[in-house]
Structure formats: C-alpha cells, structure tokens
6 protein chains.
Amino acid sequence: MESKKPLESRTIMTDMVLPSETNPLNNLFGGELLARMDRAGSIAARRHSRRITVTASVNHVAFNQAVPLGSVVTVEAKVSRAFNTSMEVYIDVWVEDRYNGKRTKANEAIYTFVAVDDTGKPTEVPPLEPETELEKERFAGALRRKQLSLVLAGKMRPSDATELRALFMGN
Amino acid sequence: MESKKPLESRTIMTDMVLPSETNPLNNLFGGELLARMDRAGSIAARRHSRRITVTASVNHVAFNQAVPLGSVVTVEAKVSRAFNTSMEVYIDVWVEDRYNGKRTKANEAIYTFVAVDDTGKPTEVPPLEPETELEKERFAGALRRKQLSLVLAGKMRPSDATELRALFMGN
Amino acid sequence: MESKKPLESRTIMTDMVLPSETNPLNNLFGGELLARMDRAGSIAARRHSRRITVTASVNHVAFNQAVPLGSVVTVEAKVSRAFNTSMEVYIDVWVEDRYNGKRTKANEAIYTFVAVDDTGKPTEVPPLEPETELEKERFAGALRRKQLSLVLAGKMRPSDATELRALFMGN
Amino acid sequence: MESKKPLESRTIMTDMVLPSETNPLNNLFGGELLARMDRAGSIAARRHSRRITVTASVNHVAFNQAVPLGSVVTVEAKVSRAFNTSMEVYIDVWVEDRYNGKRTKANEAIYTFVAVDDTGKPTEVPPLEPETELEKERFAGALRRKQLSLVLAGKMRPSDATELRALFMGN
Amino acid sequence: MESKKPLESRTIMTDMVLPSETNPLNNLFGGELLARMDRAGSIAARRHSRRITVTASVNHVAFNQAVPLGSVVTVEAKVSRAFNTSMEVYIDVWVEDRYNGKRTKANEAIYTFVAVDDTGKPTEVPPLEPETELEKERFAGALRRKQLSLVLAGKMRPSDATELRALFMGN
Amino acid sequence: MESKKPLESRTIMTDMVLPSETNPLNNLFGGELLARMDRAGSIAARRHSRRITVTASVNHVAFNQAVPLGSVVTVEAKVSRAFNTSMEVYIDVWVEDRYNGKRTKANEAIYTFVAVDDTGKPTEVPPLEPETELEKERFAGALRRKQLSLVLAGKMRPSDATELRALFMGN
C-alpha cells in the first residue's frame, strides 16, 4: 500500500464548552474531553485508513490545565505512526482566550485505533511517512510506546523491549 | 491523616448501552466508556478524599472487547494508591451476557485524580492501606507507573526512576 | 422454573448529578431521577428473568428530599416479587454527603416490569424467594399493591380485593 | 386566593421519539416518557401557581402501549386538584399514527407537585374549580388518592381514610 | 388530493429551557431553538402530508428576544402553503413570564419541508386552504418567498420573478 | 478599530453523525445541523469581535444533500462582512465519503451574530477586509441581504433598498 502523510489525516474539531459538560468547579469534565478526543482521533484514523476504526487503547493523557465553561476548545488529531492494522494518533488540545484570542496548549493525548472491515475484522492500513521535525519525533517514539504497552500488558518480556531498555540503561 | 481501605472508595456504576452511545458497528463508543470511567473513578477518589476531585491523567486503557448496544455494563472503581494530593484509581469494566448472566471482563483502566479545595488548589489526601492480594499488587505497581509518567513527561530523569530501571534491567 | 433470590437481581447505579439534569433551584429534576430508576429497575428485572424487560407501571414514588447539583446518588434496585410474566422491583435512592460521606435515604420507588421475547410477547419468569426480613415484608406487600392497581384501573372489583379490604376494614 | 380553571394550566408538549430515547425493541424507554411527563406536568403546575414547582410524587403510571421510534407523541397535562401548597396533575399521552393521523391513548399518569418560593419553602396555591365532567370526576378522585398516599406512607391510619373505606366497603 | 386546513397541521411544543441548552449569558442558544423549531415544523408538515418529511430550507429566522434559563417556551407550527411536493411552515415562538403568565412573541421562523416516501423520493402533498386573515396573508407571501429562494439560489432569473418585481417596482 | 481578515475568524468543526442525531431515514436531522452551524458560526463571530456573540438571524439555509449516519461532516465558518455591531457569517458544510475520502458540498448557510458585552448590550466590532475573490463576492452580497432582511421585516421601504431594486430592475 502507498504511504500517506500525517497532514492527510489531520482533523480539527473546534467547539465550545457547554454547561452540560462541566464539573462542580465549572470546568470541562475530564471524561467529556476524553470523548471528544476519541471522536477526533477516530476520524483521523479513518482518513488515514479509509476504514471503520475502533479505539484500541488510550495512553498518557495528562490534564494540565482546567478548561472553563464557555471556552473555545480546539482538538487537533493526526496519525503519528501506522503499524500493520493499527494507528497511533497524537491529539493536541488548545484553549483560546476569549479576550485576546491567544491559544494555549491544554492537553496532549495518544490514542491507538484499529482499522476493521464491516464484520469488525482488523484490516491492513497504509504506512505513514512523517514530514516535519515534530512528526518524525513522534513517529520514532511510537515504537517505544508500543513496546511499553506490550510489556505492561504482559505480552512482551522487558528484555525484548530493546527500544525501552536503551531509554533506561543508556544514561 | 488516618489511612483508608480500598473498599471504602469502591464505586459501582451499572447501566445499559444506549443507542446514542454507539458507533457504526453498533458497539459502545470508546469515548463514551472513557467518560463513564471518568465519572466512576472521580466518585471513588472523592469517597477516599472527601474533596472535589479533578482528573489529572489517564493511562493504559485497553479496549479488549467490543460492547454491543443493549448490553449491561458494570464499571467498578477503587482507589489503588494515594500519594500526597493525588490518587491512582483502578477501574474494571464488566459486560453481562443477556441470556446466561455471565460477566466477562471487558476493560481495565488507570486514572489519576487530584483532590482540590473550593478554589481549585490541591489538598492533602489520606494514605491508602491495601487489604487483598490484588489490592497489594496494584498498590506496588502504582509507584512504577508514577515514575513512568514523570519520565515520559520529561519531569524525571530515567536514571532516577529506580523502580522502573529494575524492571528493565533485572532480567 | 427454579426460584431466584432478590440478591441475584440487585443492581447498583452510582453516578453524579450533572448540570444538565438540574432544575432552576439547582436540584436534580424529578423526571431525571425517574429515568435513572427506570434503567436500574429494568436491569434488575432483566437479571431476574434473563429477558428483555419493558416498563409496565410506576407506583408510589415519593420525592422526599432535594438532591443538589454535584451530589453522588446511588440507585439500588432489587426484584421484590415475581408474578407470572411480571416483576415488581423496589428501588431505593441514597444521597451521599460530600464532606462526611454519610448516606441518607432520598427516595423509594416501586416499578413493575414485564419480561418479553424478541417479538415483544410476554414470557414467563422464575418465582422469587425472599430472604431477609425487609425482602419478606416487601414480598407480602406486593400482592396488596397489585390488587390496588387492578382496582384503580377498573380491572378488579373492590369487593374481590381481599388483601386490600382487610387493610381498610380490619381495624 | 381566586380559584382557577383546569384549562388555564393545560400544557401540550408534542414531539418525536428520537433514536437516543429508545430501548432494544426500538420503542420509547419508559424512563424517557416519565421524564417528559414530569416536565409537562411541572409546567402545568407552574401555570396554575405562578411559582417554581418541584415534583413531590408519582402515582399509577401505566404503560399500556409501546411507542415506536419515529412516532409523534403528545403529552397533555392539566391540574386536576389543588390542595394547600400542592397540586395533583393529570397527564394524558397520545400517539399519532403516521399514515392516517389517528390518535390513540398510550398512557395516563398522575403526578403531584409542590409550589415553592425562591428558597425552596412550600407556598400556597389557588384552589381549582373543575368545569367538564371528566375534570369533576378527576377532582373527586384526587382526595381518595391523597388519602391512599398518606395511608401507604404510614402517615394516616386506614380507619381515618373515610373516602377510601367507602370504596372498599360500599359494595 | 383533497385540500387541508392549516389548523389540521397545528403543532404545539411547550417545554422548559434546560441548563444544557444555554449560552454563557444563561439564555437559550440560538442553535437549540433552531433544532426545536425544526422538530415542531417537521411534525406539522407530517400532519399535513401523512408522509416522512425532511428539512429543505430555513429562511428569515429573526431572534428578537433572549430566552432566559428556566423559561417556558411554546413553539407553534402550522403549514402556511403547500406546493407540489414541498410545504412552507410558519413557526411562532412564545415565551411565558414566570410570575404573571403573560406570553410574549420571541421569534418567528419559516421552514420548508419536502414529503418523501420510504426510499427518500419526493412525493405529492395535498393543497392548503387558508381560513383566517393571518393564514391568507402568509399563504400569499409564500409564493414571493419561493421566488426569492429560487433567485438567490440562481435557479430563476430575477426578471421572471413577477411577484417579487412587483414588490420592488410597484411603489 | 483595526480591520480583520476573514481568515482570522475561520472556524473548522469536524465531527461524526451520531445515532442520536438522525431522523427515521437514518440521515442527520436538519435541526441538528442548524445547531452545529450555529455553534461554529458563533465561534467565528467571537474570533472576529473578541466578544460574547448571540445569534441575531438565520437566512437562506438550503439542505441540498442528505447526510447519512456515520458520515464525517466538516462545518467551516468565516465572517463575510462586519456592520456596526453585527457580523454576517458564511457557513459551508462538507461531507466526506468513507471510502475514497472525497469531500462534497452538502450545505451553505448565512447566519448573523451580534457582539454584546457582559450585560448583553450590543457593542462595536472591527470592520472586515476580504481577500480572496469568493470573500469579496460574499462581502458585496451581504449588503443586499441586509436590505432584504430589513424590507421583509417591515423596517425598510422597498423603494429605499437601492441594492435590491437594482437586482430586480436592472435586467
């Protein structure tokens, strides 16, 4: 299959924080943001694979900044690496100041999606060819994260996770 | 502060999968399950801390099994370790067969919540004292996962993550 | 069919009161609580019958206590008596104090569900065998409530409602 | 306070059954209909009292007929009797055939609402003066239903429920 | 086909403004009102045609008055003119004062719906026969509005829009 | 005030069509799309004005193409002209083919928003300076549309609507 660029899967979802999505502090519920990121990431994976996609895992979502009621939130998703039938998607979340329009980074998340056919069976996806520096860095890290998932799930022995071992032993 | 048992924070949320929560394959959206787990985990953290709690991070959510429309889903959350102002919460998800009532494990997730006062400032929480074998195992793993988060966020040097190093070098 | 215990159908649904579910006084809408109790009761009836269940009637729901925004609410449902194809389900609602964790009873409701097959036709359910004192008391009252429903619906003559007559004439 | 007619509180809520409100048989969830009836009944009680109203109890809701996805449902609520600070509201539900437009009665429910001031304290409401035969019949039955609620809640001795005793002993 | 009266399609949808439907000023979102009007208008068009109806266009919706949280809003829709397979529907929106019950006009909108069969193909509808003065006036204006839509969509030459030309040249 | 470019207000909202948003033909409800467009347009107006914005009117929304369940829909909004305190916003809607990724234009809508301060009072907005050919064309048409709205609302005499008269008399 012909490779694709990260730009081809880029998905932008800008929306407001509505009153029904807030917690007792009047900030966006973590769970609501997880659901929005899942939808945006799923569309990015579909754009890369042209298949139905289902969420396989979520990793390393850090909620660094509260997002108040009425904020404008932009969720931006791009495929960061394609494996055989799965895709890692990087999701960046920006919040916009109402008065000066300045955007600040509020969250960063990594989801993995699997492409499936109409019966739900995993199916092959095109490889990803990163272009920018950031895309290349995320592409490289994806293998390390995949090993980590396998080790933590007990599906790979730590001694076989060569990329990871280097990280902890190298320096 | 006096320590608490995991059982004291146990939160059970049983509900159906409604048509508005399903994807084109008629299974529960990953994002919807993430939102339900966030609410259940947040209640568990509140029961442990008796404070407002906000989601700090999500780690290692694996979606192993599709959950079809109309299923009965049980989300069960328990605090697995308390740090200074944060709590790791383990969330187990069970799906129930409509005909024979057999429950099967569908998901497992780890969320971290921070206890805050009414102004949103982090505030101390009681220590956790695990009781069962499984609770003790999850308690032990929590430190390793915390180090991992710090390393991946660039807030701890890999060489200082002693618990993690042991994992990758030990065997 | 083999009888079942109330414990086998026990369903616990713990969740928060979200901003989208509140009235102008910032308390949970009665209608939202009715909908939650319906879902919990329907799951209990399904656990007893292992069938699709549809709501047949609702009786004697008293809203004794306002439930404020942000509260943790636990809805607990258990089958209280099984008739031929229908089940009476008792639903208890508890609200949890945010600061001391004390649970207080907020509501009590009685719903009736009918078990149906895939075409919607009523189908037989197992008998119920109560165990605790409270379960036995609710089991006994169920017959009186069934007669009352029939009388009020004009489907039974008051003079034939022997259980009810005893109540009003006995003392 | 000057009395009001039932017609002055009449509230009509016509809407469709949306996919998000249906059960696995593709019919309207009982719980959703309970929530719609609560909103319509609450508006009727507000129109009678010109106050904020809160749900006090629900009685004798019978679900006689399934309401399929896509149906047009009309909920019609009218105050049937006013007591000191509370109002009984009768709610009739009609379903409309898509092809010939014929309306059939699908449900009938009785809710009670209490009028409150801005602090949530119960406050007096105008008396109701029924006009039509049906309104007079429902007005008369309301006292019997109120006694029944009090007896069942253990707040009135059966021997004091004169209206009810007559029903069971009279013939 | 036999003609119908506007009254036969009249649809009344009274409901409250819920917290999940409000903007940062605590007023009903324009978008939510547009969705409510679409559902009410669609039911009116269905009552006229006894067919599935789909929204074809929306014209001239003016939001003259903010509708605050907790208001009672009545949306009233009636078919104002029937063309071959389409129907123009006039929608009036009223808001009710909580204290004195006075209704004031909040909005007025004009939607067009097309009647379709089960495959989505447009299908003929009965003609409309207006009765009141207001109905006759709206009936007359509908032709002018239809020409205007066609001109603005580039599907009719301005010189052929005789009704419209008269409006701008006549006086 | 310094003028702004249309590009500075551009708002992209990509999302899926969920089951809860579909009509009996399994296509996106017109009303749901109107609500999405309202949110996107409102964000574009806020980006131009850096103020809270409220919907003032909706004009000429044509639903040319059904949008099936599961589609990926992109709503793109840009300010097309700024008047004293109001902004006209053009909204284009694209649907994406699941298999070949081809985007087709599904809708086009024109909304008007007013910028308000925290008390809801209209407040001045920057002028708009169009750049591309399409932006210039929409900018020019906005005046004609504004006159049309005023004429139809009875707030301007047809003979004073010089831009409109030219349209109908000129050829």
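The basis for the numbers below is simple: all heavy atoms, side chains too, and nothing from hydrogens, waters or symmetry mates.
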Closest approach of C/Gly31 and D/Ala35, non-hydrogen atoms and distance? O-CB, 3.5 Å

Let's test your reading of the structure: which of C/Ile110, C/Val61, C/Thr55 forms the most heavy-atom pairs below 4.5 Å with chain D? C/Val61

Engaged part of C/Val116 at the chain D interface, taking heavy atoms whose separation is under 4.5 Å: side chain

Within 6.0 angstrom of D/Arg10 CZ, more than 12 heavy atoms from elsewhere: no

For residues D/Phe63 and C/Val54, determine if any side-chain heavy atom of one lies less than 4.5 Å from a side-chain heavy atom of the other. no

side-chain contact (heavy atoms from CB on, under 4.5 Å) evaluation trace for C/Leu34 with D/Val58: CA-CA 9 Å; C/Leu34 289 167; D/Val58 179; 3.9 Å; yes

Who wins among C/Ala56, C/Ser42, C/Gly141, C/Gly30 for the most heavy-atom pairs under 4.5 Å with chain D? C/Ala56

Chain D heavy atoms under 4.5 Å from C/Asp118: which part of the residue, side chain, backbone, both or neither? backbone

Chain D heavy atoms under 4.5 Å from C/Phe113: which part of the residue, side chain, backbone, both or neither? neither

